[in-house]
Asks: 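Can you keep this structure in mind? I'll have questions shortly.
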Amino acid sequence: LPNDNALREQASSALEACGAFDEAAQLLWDYLEKHTEKEEKLSYVLMGLLLSQADFKGLTRLADLYQKNVPITAHWVLANAAKAQNNWTEVERQCNKLLALFPDLLRAKGLLAHSLMQQQRFLEAAHVSFAIYEADPEQDLALWEATTAASAACDWALVRKYAAIFDMEL
């Protein structure tokens with residue numbers, strides 16, 4: 001295939017739909033192994049394919065490929081691999097690495113909040129979710145998750161504060 005990423009993605013998707021997972025992955029690997037200098041959409045397509053097959057060795061290989069030049073991809077892949085294995089402390093660790101490099105990365109904050117909830121660290125999850133809402137007030141779901149986490153932490157003052165933003169009376 002030529003270096004046409006849209007065509008490569010479509011061909012990979014067709015192969016995957018036919019159950020040819022190895023061939024679909026190889027099509028993506030062939031391109032990605034030669035293009036490690038910048039973030040590539042195809043790396044996330046491959047991540048999804050590898051996650052669907054629970055190919056954790058492949059996910060580690062993908063993260064290793066991008067660790068040097070594109071750490072955002074490497075840490076995101078590792079965070080999602082850990083999530084798929086319910087390894088919430090590793091999800092937290094990878095999200096914190098992402099946030100150290102990219103403090104405004106809302107998707108990392110969202111996954112971090114989820115991992116904190118899974119670890120029953122509700123108050124921390126509430127604060128992280130609220131930080132997402134503060135960064136982007138269009139993120140109503142983050143405010144709702146902050147309220148839910150504050151409720152789980154039994155921090156009723158915080159619940160009332162967040163609920164007031166929704167114009168909810170408690």
Side-chain angles (χ1 to χ4, degrees), residues 1-119 125 128-146 149:
L1 282 175
N3 282 340
D4 181 337
N5 287 358
L7 182 58
R8 189 173 296 273
E9 181 179 357
Q10 190 174 28
S12 174
S13 179
L15 287 166
E16 183 180 359
C18 295
F21 297 105
D22 292 341
E23 293 81 356
Q26 191 58 54
L27 187 62
L28 298 170
W29 281 118
D30 289 346
Y31 176 83
L32 292 172
E33 287 177 330
K34 297 173 187 144
H35 298 88
T36 61
E37 64 283 344
K38 64 182 176 109
E39 191 171 18
E40 293 280 351
K41 179 183 178 193
L42 291 179
S43 62
Y44 298 105
V45 173
L46 179 57
M47 179 185 79
L49 176 62
L50 296 171
L51 283 168
S52 76
Q53 298 303 300
D55 182 352
F56 299 111
K57 286 183 183 179
L59 288 160
T60 300
R61 176 181 164 203
L62 180 60
D64 289 346
L65 191 63
Y66 284 96
Q67 187 63 52
K68 180 181 175 191
N69 295 328
V70 193
I72 189 172
T73 299
H75 293 303
W76 188 248
V77 167
L78 292 173
N80 280 277
K83 178 184 175 192
Q85 298 173 81
N86 296 317
N87 184 345
W88 301 111
T89 55
E90 182 62 15
V91 171
E92 178 185 2
R93 192 171 80 79
Q94 292 300 327
C95 286
N96 282 327
K97 286 184 174 190
L98 274 166
L99 292 168
L101 296 169
F102 308 96
D104 298 327
L105 191 61
L106 296 184
R107 66 181 179 175
K109 287 181 183 182
L111 187 53
L112 174 60
H114 181 73
S115 75
L116 293 168
M117 287 292 288
Q118 294 300 315
Q119 296 174 69
V128 172
S129 292
F130 190 70
I132 295 168
Y133 174 76
E134 285 182 311
D136 181 4
E138 297 291 315
Q139 298 281 336
D140 286 344
L141 181 58
L143 179 57
W144 185 254
E145 289 173 352

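Note that the numbering runs from 1 along the sequence shown for the chain. Predicted model only: the values in this text are computed from it and were never measured.
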Asks: Suppose the criterion is ring-ring contact (aromatic ring centres under 6.0 Å, His included): which pairs have a residue in residues 6-26, not counting sequence neighbours?
Replies: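 Every pair satisfying ring-ring contact (aromatic ring centres under 6.0 Å, His included) with a residue in residues 6-26: there are none.
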Asks: If you take all heavy atoms of Phe130 and Ala146, which pair is closest and at what distance?
Replies: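 In this case the closest contact between Phe130 and Ala146 is N-CB, 3.7 Å.
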Asks: Would one find more than 12 heavy atoms of other residues, nucleotides or ligands at under 6.0 Å from atom CD of Gln10?
Replies: no
Asks: Can you check whether Thr36 reaches Val70 side chain to side chain, under 4.5 Å on heavy atoms?
Replies: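 Of all side-chain heavy-atom pairs linking Val70 with Thr36, none is under 4.5 Å.
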Asks: State, to 0.1 Å, how close Asn5 and Tyr31 come at their nearest heavy-atom pair, and which atoms those are.
Replies: OD1-CZ, 3.2 Å
Asks: I need the His35 NE2 to Leu65 CG distance, nearest 0.5 Å.
Replies: 11.5 Å
Asks: So, taking the atom named NZ in Lys83 and the one named CG in Leu78, what distance separates them when rounded to the nearest 0.5 Å?
Replies: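 Reported value, rounded in 0.5 Å steps: 15.0 Å.
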Asks: For Phe56 and Ala81, work out which heavy atoms get closest and say how close.
Replies: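 Closest approach of Phe56 to Ala81, heavy atoms only: CE2-O, 3.7 Å.
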Asks: Give me each pair satisfying salt bridge (Lys or Arg N to Asp or Glu O under 4.0 Å) with a member in residues 14-34, each pair once, sequence neighbours excluded.
Replies: Glu33-Arg61
Asks: Can you confirm whether Leu15 sits close enough to Ser12 that some side-chain heavy atom of one is under 4.5 Å from a side-chain heavy atom of the other?
Replies: no
Asks: Side chains of Arg107 and Leu98, heavy atoms from C-beta outward: is any pair under 4.5 Å?
Replies: no
Asks: Which atom names give the shortest non-hydrogen contact between Ala113 and Ala125, and what distance separates them?
Replies: O-CB, 3.7 Å
Asks: Look up atom CG in Asn80 and atom SG in Cys95, then write down how far apart they are to the nearest 0.5 Å.
Replies: 8.0 Å
Asks: Please check if the side chain of Ser13 supplies one atom and the backbone of Glu9 the other of a donor-acceptor pair under 3.5 Å.
Replies: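 Checked: no pair found.
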Asks: Which pair of non-hydrogen atoms, one from Ala142 and one from Ile132, has the smallest distance, and what is that distance?
Replies: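 In this case the closest contact between Ala142 and Ile132 is CB-CG2, 3.6 Å.
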Asks: Say you draw a straight line from CD of Gln94 to CH2 of Trp76; how long is it, rounded to the nearest 0.5 Å?
Replies: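 One finds 11.0 Å between CD of Gln94 and CH2 of Trp76.
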Asks: Can you tell me how far the CG atom of Leu62 sits from the CG atom of Leu32, to the nearest 0.5 Å?
Replies: 7.0 Å
Asks: Side chains of Gln118 and Val91: does their closest heavy-atom pair fall under 4.5 Å?
Replies: no
Asks: Might you point out which heavy atoms bring Lys109 and Leu99 nearest each other, and give the distance in Å?
Replies: CG-CD2, 3.7 Å
Asks: Begin with the C-alpha distance, continue with both residues' side-chain angles, and end with the deciding distance and a verdict on side-chain contact (heavy atoms from CB on, under 4.5 Å) for Tyr133 and Asp140.
Replies: CA-CA 7 Å; Tyr133 174 76; Asp140 286 344; 4.2 Å; yes
Asks: Check the side chains of Glu39 and Tyr66 for a donor-acceptor pair under 3.5 angstrom, ignoring hydrogens and angles.
Replies: no
Asks: Out of curiosity, Lys38 NZ to Asn69 CG, how far, rounded to the nearest 0.5 Å?
Replies: 12.5 Å
